[in-house]
Amino acid sequence: MYDRIINSVKHINEATAGFAPEIGIILGTGLGGLVQEIDIKHSLPYEQIPDFPVSTVEGHSGKLIFGMLGGKRIVAMQGRFHYYEGYTMQQVVFPVRVMKFLGITNLFLSNASGGVNPDFEVGDLMLITDHINLFPAHPLIGKNDDRLGPRFPDMSEAYDHSLLARAKAVAAELGIKVQEGVYVGLSGPTFETPAEYKYVRIIGGDTVGMSTVPEVITARHMNLPCFGISVITDLGVPGKIVEVSHEEVQKVAKVAEKQMTRLMTELIARI
Ligand code: HPA
């Protein structure tokens, strides 16, 4: 793993003339529009990066984008790797390892999710305060490489408290309504049954989705502070559950995308 990370990093550094990003961004389904705000300096399709998996799911285009956003040097993944696509957990989190070794000091993530908190509405943004890992596989299982991080990583502050506090202040200032809560990550690709949404709520979740948790675990393994926003594209709340499709998720995400982009951009500017 380590050698493959270094190999990717070496290639990327050559292709970007040693751009050295400060912040990494992983964009969720239907939320790739943030890329339009980036003053792009380099754009590398995943298939051109040695050892990188290649993205397949609709709504993800599969590029690593290097440029300026909010006055910072950033690297953004346009399209992430989901476990349900058939990648191993090691493949899902590989880009997070690479971004860390490119030099990022903060990781920002977004995702589309189902809201199970009855106070939430479709289109809401939720600042992720914590997560529950329900994936059937864990990215850190196997022999630990101490060059990457410790055998038993602490997860007491999976989502950085100071970034959260700053995000709340920025949202208030910009007049953007934000919720806060716990994201539950599970494999998909099925959306949840009503009984599963209820279960997610009972165990302490506010939103549920099919991403983010593996990447955050891996980032924390490497002591990388994380900030995440969940966009609520549908509701898993009794009485409000309707049929959901990937198209609907993308459609709602597109609407909420503008606010999410503003919030992320402004937060990045203030780091
Ligand atoms: N469940 C899981 N993943 C999702 C959902 C959902 O309701 N909405 C968007 N991604």
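Start at 1 and go down the list; that is how both ligands and their atoms are numbered.
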- prompt: Quick check, are the ring centers of F81 and F94 under 6.0 angstrom apart?
  reply: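 Not close enough - the centres of the two rings lie 6.0 Å or further apart.
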query: Centres of the Y2 and F101 rings: under 6.0 Å?
result: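 Y2 vs F101: aromatic centres under 6.0 Å.
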- prompt: Is K41 paired with D39 through a side-chain N to carboxylate O contact shorter than 4.0 Å?
  reply: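 Salt bridge: yes.
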statement: Residues passing the side chain to side chain contact (heavy atoms under 4.5 Å, CB included) test with R262, sequence neighbours excluded, are L174, I176, Q259
query: List by chain and number: which residues place a heavy atom under 4.0 Å from ligand 1?
result: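 Within the 4.0 Å shell of ligand 1, which is judged on heavy atoms, sit A112, S113, G114, F191, E192, Y197, V208, G209, M210, T233, D234, V249.
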Run the side-chain donor-acceptor check on residues 125-135: report pairs under 3.5 Å with partners two or more places apart or on a different chain.
residue : atom : partner : partner atom : Å
T129    : OG1  : G181    : O            : 3.1
H131    : ND1  : Y159    : OH           : 2.8
N133    : OD1  : F135    : N            : 3.0

- request: Could you name each residue pair satisfying salt bridge (Lys or Arg N to Asp or Glu O under 4.0 Å) that touches residues 178-198, not counting sequence neighbours?
  value: K168-E180
